[in-house]
Amino acid sequence: MDNEKYRSASGAEIRALCRTGAWDRPTSGTAMDYYQANLVIVPADYAFEFMLFCHRNPKPCPLIDVTDPGDPEFKRAAPGSDVRTDLARYLVFRDGKQVDEVTDIRSIWRPDHVAFLLGCSFSADAALQKGGIEFGNIGSPYGRFGAYTSSIPCEPAGRIKGNMVVNARPVASRSVAKAVAITTRYPLAHGGPVHIGDPSAIGIDDLSKPEWGKGRTVEGDFVPVFWPCGVTPQVAAIESKIPEMITHKVAHMFVTDLNTADPIQW
């Protein structure tokens, strides 16, 4: 299945493919006019603390929507959706350890589960392309490196704590200022970068060895630019040893019905 064929798809169309099992791959490059989102599901006992964690750390955790306890529908961001089936792949964490990867979570869904959607950097890709931003070709969509746990601490909230995860993209030096300006206009897609240049300044020793995804060295007239990443809650789940957290698998996002061209004021 070629992602390029689904550039103009709607969020509902991508979700329907996931729901039937017809889509089992990353969603980058699909439904380019719609916000894509990271998923986090926690027990209701942790829901307020996680919402507070998002409020205190809006760059890595830009909050888009929250369900009522036990309700699998995101009523604002995707009416008619079912969070239990509408992603391609889910990761299950228990007591700080990943214990499973599944394509459907109906069998483990509980009445006290609360689901959160957090913005994703994929949502700014169309604007970056239209803006003519030059990325290094590293073999992943739109020149995206993998993700790395940085030394930048998030502000804790109750029992939830952890460092910020970032993803890196090699940007031509002449395009850096424009890339910053474009992404800053998309706070629900993590906004502007948190660091430009030397990876070691934020605790990353080797760009060729990401914790998630692909990585290579930066060559020529390109600069590594680091944006916050929605994988941050997975690190928080591990660091905080949350009894249970369910998330999307990296790059397998929940695609909403929210159009990136529409101003959003929550």
Side-chain angles (χ1 to χ4, degrees), residues 15 18-19 27 35-120 147 149 153-165 188 190 211-212 228-256 258 266:
R15 296 197 306 273
C18 292
R19 188 177 297 187
T27 53
Y35 276 96
Q36 298 199 28
N38 302 275
L39 172 71
V40 173
I41 300 171
V42 295
D45 181 52
Y46 276 80
F48 175 75
E49 288 167 85
F50 186 73
M51 187 180 296
L52 187 59
F53 184 78
C54 295
H55 177 72
R56 290 177 175 172
N57 301 279
K59 291 283 285 183
C61 302
L63 190 57
I64 291 178
D65 202 357
V66 186
T67 66
D68 291 324
D71 187 348
E73 180 186 6
F74 286 109
K75 291 183 170 60
R76 299 184 69 183
S81 62
D82 188 332
V83 71
R84 302 170 298 180
T85 58
D86 290 2
L87 280 83
R89 293 187 178 275
Y90 305 79
L91 301 181
V92 182
F93 295 84
R94 292 199 174 96
D95 299 317
K97 296 181 180 179
Q98 183 186 327
V99 297
D100 208 353
E101 177 180 325
V102 296
T103 57
D104 185 309
I105 59 170
R106 284 177 291 187
S107 65
I108 58 174
W109 182 258
R110 302 194 325 230
D112 68 332
H113 274 157
V114 179
F116 296 79
L117 289 181
L118 312 177
C120 169
T149 302
C154 290
E155 186 175 351
R159 293 165 286 181
I160 302 177
K161 60 184 179 180
N163 281 6
M164 184 186 299
V165 176
L188 290 184
H190 301 295
E211 292 159 83
W212 301 269
C229 179
V231 180
T232 298
Q234 295 182 17
V235 171
I238 295 168
E239 175 77 14
S240 309
K241 294 182 170 55
I242 296 174
E244 181 179 71
M245 178 183 282
I246 303 169
T247 74
H248 65 294
K249 182 178 180 179
V250 175
H252 297 65
M253 316 309 292
F254 183 98
V255 188
T256 74
L258 302 175
W266 277 170

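Being a predicted model, the structure only gives us computed values, none of them experimental.
- From Trp109, atom CH2 reaches atom OG1 of Thr85 across 10.5 Å, with rounding to the nearest 0.5 Å.
- In this structure the side chain of Glu244 reaches within 4.5 angstrom of the side chain of His113, judged on heavy atoms.
- Two residues are said to be in side-chain contact when any heavy atoms from C-beta on lie closer than 4.5 Å; Ile64 and Leu118 fail this criterion.
- Side-chain atoms of His190 never come within 3.5 Å of backbone atoms of Pro62 as a donor-acceptor pair (strictly under, hydrogens ignored).
- The closest side-chain heavy-atom distance from Thr256 to Phe74 is not below 4.5 Å.
- Residues Val165 and Thr149 form a side-chain contact, since some pair of their non-hydrogen atoms from C-beta on lies under 4.5 Å apart.
- Applying the side-chain hydrogen bond (donor to acceptor under 3.5 Å, both in side chains) test to residues at least two apart or on different chains, none of the pairs has a partner in residues 52-63.
- Put simply, the side chain of His252 does not reach to within 4.5 Å of the side chain of Leu87, judged on heavy atoms.
- In this structure, CD1 in Ile41 is found 7.5 Å from OG1 in Thr67, a value given to the nearest 0.5 Å.
- The side-chain heavy atoms of Asn38 and Met253, taken from C-beta on, include a pair separated by under 4.5 Å.
- Closest heavy-atom contact between Asp86 and Ser81: OD2-CA, 3.5 Å.
- Listed by chain and number, the residues in a salt bridge (Lys or Arg N to Asp or Glu O under 4.0 Å) with Asp112 are Arg110 (sequence neighbours excluded).
- Put simply, CG on Leu39 and CZ on Phe254 are 8.0 Å apart, with the number rounded to the nearest 0.5 Å.
- Separation of atoms CG (Asp82) and CZ (Arg15) is listed at 10.5 Å; rounding is to 0.5 Å.
- Every residue two or more places apart in sequence or in another chain that forms a salt bridge (Lys or Arg N to Asp or Glu O under 4.0 Å) with Glu49 is listed here: Arg159.
- Contacts of Glu239 classified as side chain to side chain contact (heavy atoms under 4.5 Å, CB included), with partners at least two apart in sequence or in another chain: Lys161.
- Here the OH atom belonging to Tyr46 is positioned 7.5 Å from the CD1 atom belonging to Ile160, to the nearest 0.5 angstrom.
- Of all heavy-atom pairs spanning Pro72 and Gly70, the tightest one is CD-O, 3.5 Å.
- Scanning for ring pair (Phe, Tyr, Trp, His ring centres under 6.0 Å) contacts around Phe50 gives Phe116, with sequence neighbours left out.
- With sequence neighbours excluded, no residue forms a salt bridge (Lys or Arg N to Asp or Glu O under 4.0 Å) with Asp95.
- Within the 3.5 Å criterion, the main-chain N or O of Val92 finds no donor-acceptor partner in the side chain of Asp100.
- Listed here is the closest heavy atom pair of Val42 and Met245: CG1-CE, 3.9 Å.
- Listed for the Gln234 side chain is no donor-acceptor partner under 3.5 Å among the backbone atoms of Thr247.
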